[in-house]
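The figures here come from the full heavy-atom set of this structure, side chains too, leaving out hydrogens, waters and symmetry mates.
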Amino acid sequence: MKNLFVALLTLILTLPLFAQDMSAMYGINFYDALDKGNYNMAEILLSQWQEAGGSTTELTLAEASLRMRSDSTSTVAGEELFRKAIASSPENLSFPLRFMEELALAGKISEALEVCKGFCAEVDKDVQLTLFDTTIPADSVDLYVGSCFAGMVDNLSGKLTADEILDLTEGMVGCYPGGIVEGMTRYHTGFAMYNQERTEAAINQWEKAVRFFDEPYKSEIHLNLAMLYAMKGDLLNAGINAEHAQKEGPEDIRTAATKLIEDMNGSTVPYRYYTMVLLSKLALETQPSPEGEATLLDPTTFNENLRQAGYKVDRDINSISALKVESDFGNTIVWSMPEPKDFIDCLYVAFVPADSCYRFITLEKTFDNEGKESFILCESVYQLESEGYTHSNFNTYFDRSLTPEQFGRIASDIVHK
């Protein structure tokens, strides 16, 4: 599901940029033999490539890689060749990048990250940087570095264990945190984790990566997340991500997100999804008006409309009742919810009028420091234009004696204080 731009840029920046002549063929064949472990053939092809006039950078990288991989006695020679190349041309990022990859392939993750620290320190300098003898535009260094890190993850996927790749990723983004570098690195690490069937790790990487991207890439990552959450049965987070992907991005992403939402609507959704997402969406989409108030005072009709739309909630919601609590700021509508069973189940929810919509305030089951049942005042916000869905608490606790009327007044005061 990777976008074409990232895939092509990664390919361009992480493989040798061979000259457009016959020497290019020797380079392609050399790396093919090297990756297959045919070191004798790689040695012959390297000699032919040298005679054909490959660039100094390309040949140095090729020889150093061959020396590191061919046998244990020559590994030191390969490492030394890389270190000399880095020292002689500190502005050429291709040497430390390839060295990092070869060290990682040899299982030397910590050594690779030491090289990464030096690499990132060099990037921070105000010098003219190059990559495979190609000048890097000053305003595109982050993009090039991000592409290189992402390409390294791609190249090593399947060659290293998932934990080794995660260690490498965390080390690299630790050396060069934030922005497109971290975003691209984690984005590709997510695919590496998915390919190794590490679903939770893939979700973790994509959750961290998504904030560094704009559309259309942000929607693509949200769709990836929605699919993984749906696969593991977490329809709450699947729905949140799918609806974000449905709102923005290219048509194929929006179409796929719509299909996923339709599929989920035919499934039983968790009670938490109903309370935290569907009801917070209702609050966001309802205007404080006589018509809006009538809608909120009729939970039975709202729930029936959900059922007709295909939603099935895994808790009995037929007992929900609504109450109007008047205030100087407009009428707050309080729903008394089914008996709370689990942590964060709601005793009451309140729709508090505020500007052009309602704020959604909840009273959720929790436990105090002694393990006794308590209820905490919270707010759920569903807003696609920001981060989709947020849930926070006011660090204010009550016991079960709180009445719906009292809760409605407290919720109104919280919003309008």
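- Within the 3.5 Å criterion, the main-chain N or O of A411 finds no donor-acceptor partner in the side chain of H416.
- Salt-bridge formation is not detected for the pair D234/R272: no Lys NZ or Arg NE/NH1/NH2 atom is positioned less than 4.0 Å from an Asp or Glu carboxylate oxygen.
- Taken to the nearest 0.5 Å, the NZ atom of K417 stands 12.5 Å off from the OG atom of S412.
- Inspection of the N92 and S89 side chains reveals no N or O donor paired with an N or O acceptor under 3.5 Å.
- Within 6.0 Å of atom OH in Y176, more than 12 heavy atoms from other residues, nucleotides or ligands are found, so the atom counts as buried in its surroundings.
- Taking each heavy atom of F82 and L61 in turn, the nearest pair found is CE2-CD2, 3.9 Å.
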Checking salt bridge (charged side-chain N to carboxylate O under 4.0 Å, His left out) for the pair E339/K365: CA distance, chi angles, key distance, verdict?
CA-CA 10 Å; E339 176 63 24; K365 181 175 179 178; over 6 Å; no

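- A salt bridge links D32 with K36: at least one charged nitrogen is closer than 4.0 Å to a carboxylate oxygen.
- In this structure, the side chain of Q128 engages the main chain of I136 through a donor-acceptor pair within 3.5 Å.
- Residue P338 comes nearest to I320 through the heavy atom pair CD-CG1, 3.7 Å, listed as atom of the first residue, atom of the second, then distance.
- Checking E379 against S392 by side-chain atom types alone, no donor-acceptor pair falls below 3.5 Å.
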Are E58 and S55 close enough, and set up right, to give a side chain to side chain donor-acceptor pair (under 3.5 Å), and what steps lead you there?
CA-CA 5 Å; E58 292 164 356; S55 79; 3.3 Å; yes

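- Ion pairing between a basic and an acidic side chain is recognised when a charged N comes within 4.0 Å of a carboxylate O; D342 and R315 show such pairing.
- Classification of the F351-Y358 ring pair by plane angle, with boundaries at 30° and 60°, yields perpendicular.
- No more than 12 heavy-atom neighbours from other residues, nucleotides or ligands sit within 6.0 angstrom of CD on E251.
- Side-chain atoms of Y39 never come within 3.5 Å of backbone atoms of L66 as a donor-acceptor pair (strictly under, hydrogens ignored).
- A salt bridge links K108 with E79: at least one charged nitrogen is closer than 4.0 Å to a carboxylate oxygen.
- Two residues are said to be in side-chain contact when any heavy atoms from C-beta on lie closer than 4.5 Å; I44 and Q48 meet this criterion.
- Across every non-hydrogen atom of V277 and L236, the tightest pair is CG2-CD1, 3.2 Å.
- The aromatic ring centroids of F212 and Y187 lie 6.0 Å or more from each other.
- For F375 and F398, the gap between ring centers reaches or exceeds 6.0 Å.
- Between E114 and K117, at least one side-chain nitrogen of the basic residue sits less than 4.0 Å from a carboxylate oxygen of the acidic one, meeting the salt-bridge criterion.
- One N or O on the side chain of T396 and one on the backbone of F394 form a donor-acceptor pair closer than 3.5 Å.
- Other residues, nucleotides and ligands contribute at most 12 non-hydrogen atoms within 6.0 Å of the NZ atom of K84.
- Ring-centre distance between Y144 and F149: not below the 6.0 Å cut-off.
- Once rounded to the nearest 0.5 Å, the distance linking CD of E122 with CZ of F95 reads 13.0 Å.
- Sorted pairs that involve residues 201-210 and meet salt bridge (Lys or Arg N to Asp or Glu O under 4.0 Å), not counting sequence neighbours, are lacking altogether.
- In this structure, the side chain of T275 engages the main chain of Y271 through a donor-acceptor pair within 3.5 Å.
- Contact check on D163 versus R198 returns a salt bridge, with a Lys/Arg side-chain nitrogen under 4.0 Å from an Asp/Glu carboxylate oxygen.
- No donor-acceptor pair under 3.5 Å is formed between the side chain of N204 and the backbone N or O of E200.
- Looking at every heavy atom in both residues, L34 comes nearest to A42 through N-CB, 4.3 Å.
- Contact record, C357 with A283: CB-O, 3.7 Å, taken as the closest heavy-atom pair.
- In this structure, C175 and L113 have side chains that are not in contact, with every pair of non-hydrogen atoms separated by 4.5 Å or more.
- Between F191 and W206, the ring centre distance stays below 6.0 Å.
- Between the side chain of E164 and the backbone N or O of T161, at least one donor-acceptor pair lies under 3.5 Å.
- Using modelled atom types, one finds no donor on one side chain facing an acceptor on the other under 3.5 Å when comparing S380 with S280.
- E111 places no side-chain N or O within 3.5 Å of a backbone atom of V115 that could act as its donor or acceptor partner.
- Scanning all heavy atoms of the two residues, the minimum distance from V210 to H222 falls at CG2-NE2, 3.6 Å.
- Between F367 and F343, the two ring planes are parallel [angle under 30°; tilted spans 30° to 60°].
- Using cut-offs of 30° and 60° for the angle between ring planes, the F302 and Y274 rings count as tilted.
- Between the side chains of R254 and Q246, no donor-acceptor pair of N or O atoms lies under 3.5 Å.
- Atom CG of N318 sits in a crowded spot, with more than 12 heavy atoms from other residues, nucleotides or ligands closer than 6.0 Å.
- To the nearest 0.5 Å, atom OG1 of residue T189 and atom CD of residue E170 are 8.0 Å apart.
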May I have the step-by-step check of side-chain contact (heavy atoms from CB on, under 4.5 Å) for F119 and L97, ending in yes or no?
CA-CA 8 Å; F119 162 86; L97 284 165; 3.6 Å; yes

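- Under the 3.5 Å distance criterion, the side-chain polar atoms of Q196 are matched with a main-chain donor or acceptor of A162.
- Atoms CG and CD, from N393 and E364 in turn, are 8.5 Å apart once rounded to the nearest 0.5 Å.
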Could you go through the side-chain contact (heavy atoms from CB on, under 4.5 Å) check for I240 and Y229 one step at a time?
CA-CA 10 Å; I240 292 169; Y229 276 121; over 6 Å; no

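- Of the charged side-chain nitrogens involved, at least one lies within less than 4.0 Å of a carboxylate oxygen, so that R307 and E304 count as a salt-bridged pair.
- Rounding to the nearest 0.5 Å places NZ of K281 at 3.5 Å from CD of E243.
- Annotation: side chain of M193 is not in contact with side chain of H188 (no heavy-atom distance under 4.5 Å).
- To the nearest 0.5 angstrom, L279 atom CG is 9.5 Å from L296 atom CG.
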